[in-house]
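Only heavy atoms go into these numbers, but all of them, side chains included; no hydrogens, no water, no symmetry mates. Each chain gets a letter, A, B and so on, in the order its sequence line appears, and its residues count up from 1.
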Amino acid sequence: MIKKQLKNILIAAATFGAMTASTTQAANWLMLQGTEPSGAAERDHVWGFIQAQYQDDKSDPNGAGGYIPPKLIGPNLDSQSAFNVNRARIGVRGTGMPLDSNVNYFILTEMGNNGITAPGGYNAALTDASITLNHIPGARLRIGMFKYPGAEEGLQAIHVFDYINFTSVTNQMLLERFPQASDANVPPTATPDANMAAYSRSVGAFRDTGIQVFDTFKSDNWEHSYAIMVGNGNGLNFGDNDDNMDTYLYWSSELVLGGKGGRRSGLKLFAWNQDGKRTSTVDKTQEQDRTRTGFGVKYLGKLFRVTAEYMKGEGMIFQGQHRPGHIYNNEEADGAYIEGGWYIANTNFEIDLRYDTYTRGENHPTSAANDESTADTMTIGTQYHFNKKTRLNLEYANRDYESNTAAVEAQQKDVGGRLAVQVTHIF
Amino acid sequence: MRKFYKSLVLLVAMAFIAPAHAANDFAEEKIVIQISDPDPFKQTQVLNVANNLIKHYGKNKVSIEIVAFGPGLRLLFEDNVNSGRIDSLTTDDVTFSACKNTITAMTKKLGHAPALHSNATPVTAGVVRIIDLVNQDYKLIKP
């Protein structure tokens with residue numbers, strides 16, 4: 001399937017490469033994050049954003065009074081309600097020599113408290129550092145650490161994400177965790193002693209270090225984009241921890257309806273694939289496949305927005321933030337979401353509604369064959385836009401978790417709702 | 001017949017003497033807009049100003065010339081993201097002038113001459129072009 005997908009991408013890329021002479025800045029994530037507007041970029045544009053939030057989890061503990069991670073507020077996972085500065089990012093981007101539009105760079109650091117910084121106890125962490133070479137028509141090269149081409153929820157700029165928390169499928173299946181040999185499972189624990197964050201390295205944050213070939217081609221009102229990337233498959237960790245490389249394939253076709261930037265109106269169809277292997281940090285002789293595939297559609301108009309995406313994963317299926325010892329598995333998982341936003345005319349308010357579902361093969365020691373765990377979530381939210389750069393999100397997630405495995409079901413059945421409020425300011 | 005030949009000679013001479021930039025002689029307002037700033041936002045602003053002037057006066061009643069020099073010359077690079085807007089303004093008779101002194105300086109830095117928009121007309125010196133236009137009753141605007 002991957003070979004077929006690669007073949008299709010190459011044929012389409014060659015076709016559109018021959019058709020186009022356009023160098024227009026395209027409003028899609030590949031181009032917005034990897035390139036600068038030609039002839040109009042600054043030498044060093046400083047930018048960033050802050051997100052401050054409060055979350056309150058309504059779940060009940062298990063029969064013994066213990067909690068599992070979905071019932072606690074991350075990244076610290078020791079309380080059911082907390083204020084947090086979950087993202088505080090500052091970066092610089094531009095063209096080192098403004099007269100030459102063929103080279104641009106992007107560097108970004110994270111100083112908030114989240115899965116990137118908290119596991120390792122960092123005050124700051126580098127999340128992006130890349131150089132893009134735009135010399136070859138139809139084949140731009142991006143080299144360094146950056147967001148790999150993939151699912152819409154991971155690839156999009158997080159500061160324009162319309163919700164506070166990720167869907168379960170994105171959080172559990174796509175957002176990769178990297179255990180160390182010393183990371184041990186933690187049993188459900190009662191608050192205030194709970195500390196369920198058992199992983200001691202940063203989450204992958206949908207990023208990798210490697211090289212990407214990509215570009216966008218215009219054909220009438222359509223924009224067709226492709227990306228092929230090879231990376232270490234080691235997230236935000238510097239260097240490679242084994243000889244295996246991850247490959248990433250991405251294609252999108254978008255009917256552009258108007259506007260520009262991250263909120264440009266259009267109808268986008270996209271598909272992606274990620275394939276790699278991981279060497280176990282516990283047993284170095286064990287290698288485990290890790291494959292993710294997905295496709296989706298997004299319509300963003302002036303009055304409303306609709307997104308739907310389906311994703312499937314094989315191997316390395318996450319079993320909980322408290323269970324790093326069970327991540328080297330050959331389970332399968334899949335999930336999907338559909339979400340919409342309605343912009344209330346003549347006001348600064350927006351209403352958001354999202355349904356997401358996620359099913360993973362169970363890997364608990366007491367699981368029977370074909371046991372599965374399912375997480376269904378309905379999120380209703382509202383956004384108030386103070387201005388184009390500042391907004392408030394308020395959302396409530398109604399969660400329904402189930403498992404065929406009795407021991408898991410006992411922990412998950414009391415997962416309840418979660419209230420979250422967040423203010424975002426982009427500068 | 002002699003008059004006809006005289007007129008013909010005069011017309012040919014005028015054609016050679018005529019300035020490279022044909023101004024709209026019927027314009028009620030004559031505007032020269034300066035872009036010499038490295039800030040990309042200024043590029044958009046300059047084009048917006050030209051567009052708004054045409055909307056207000058009508059393209060037959062205003063003569064607009066945009067003179068780019070220094071870092072502002074990037075507006076007239078062939079691959080500039082605003083090239084479509086420059087095409088559009090050109091059809092509204094807006095003239096774009098590119099400073100030759102800047103082109104020479106950029107050629108030294110780049111190792112090759114910058115590729116300019118096909119509608120950009122090189123002038124000896126951007127600042128001199130502005131002074132000439134001001135002397136021809138153009139009003140100078142620096143957004």
Side-chain angles (χ1 to χ4, degrees), chain A residues 20-28 30-47 92-106 132-140 215-221 223 256 258-262 264 388-389 426-427, chain B residues 33 35-51 66 68-90 96-120 122 126 143:
Chain A
T20 183
S22 171
T23 53
T24 307
Q25 162 76 309
N28 60 47
L30 291 177
M31 300 299 282
L32 282 172
Q33 295 169 7
T35 67
E36 295 293 334
S38 189
E42 292 179 54
R43 183 187 297 276
D44 44 17
H45 174 63
V46 178
W47 72 285
V92 187
R93 59 184 299 178
T95 59
M97 184 185 185
L99 297 184
D100 185 358
S101 296
N102 286 323
V103 182
N104 59 272
Y105 69 92
F106 184 111
T132 303
L133 306 174
N134 303 287
H135 297 81
I136 305 169
R140 300 170 195 262
D215 213 338
T216 288
F217 309 100
K218 289 171 80 81
S219 173
D220 295 328
N221 292 331
E223 276 190 7
V256 179
K260 60 181 182 179
R264 183 179 69 178
K388 281 191 170 185
K389 301 284 188 180
I426 305 163
F427 59 90
Chain B
I33 306 174
I35 170 82
S36 54
D37 199 292
D39 183 356
F41 179 67
K42 290 286 178 67
Q43 296 183 4
T44 311
Q45 209 173 11
V46 160
L47 299 175
N48 288 348
V49 166
N51 210 39
I66 296 174
F69 63 94
L73 186 68
R74 287 203 299 154
L75 172 65
L76 301 182
F77 279 11
E78 187 181 41
D79 62 356
N80 187 287
V81 288
N82 297 299
S83 61
R85 294 192 66 192
I86 292 172
D87 287 337
S88 174
L89 285 167
T90 303
F96 291 86
S97 297
C99 173
K100 277 185 184 174
N101 286 341
T102 305
I103 295 170
T104 304
M106 286 185 175
T107 301
K108 281 181 188 169
K109 283 186 181 175
L110 281 167
H112 57 83
L116 296 181
H117 192 284
S118 57
N119 290 320

Practice prompt. With sequence neighbours excluded, tell me which residues meet side-chain hydrogen bond (donor to acceptor under 3.5 Å, both in side chains) with Thr102(B).
Written response: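 Not a single residue meets the side-chain hydrogen bond (donor to acceptor under 3.5 Å, both in side chains) criterion with Thr102(B).
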
Worksheet entry | Shortest non-hydrogen separation from Arg74(B) to Ala40(A) and the atoms involved |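 Closest approach of Arg74(B) to Ala40(A): NH1-N, 4.0 Å.
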
Discussion item. I need the minimum non-hydrogen distance between Ala41(A) and Pro40(B), along with the two atoms involved.
Written reply: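 Scanning both residues, the minimum pair turns out to be C-CG, 3.9 Å.
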
Discussion item. With a 4.5 angstrom heavy-atom cut-off, is it the side chain or the backbone of Lys109(B) that approaches chain A, or both, or neither?
Written reply: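 Both backbone and side chain of Lys109(B) come within 4.5 Å of chain A.
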
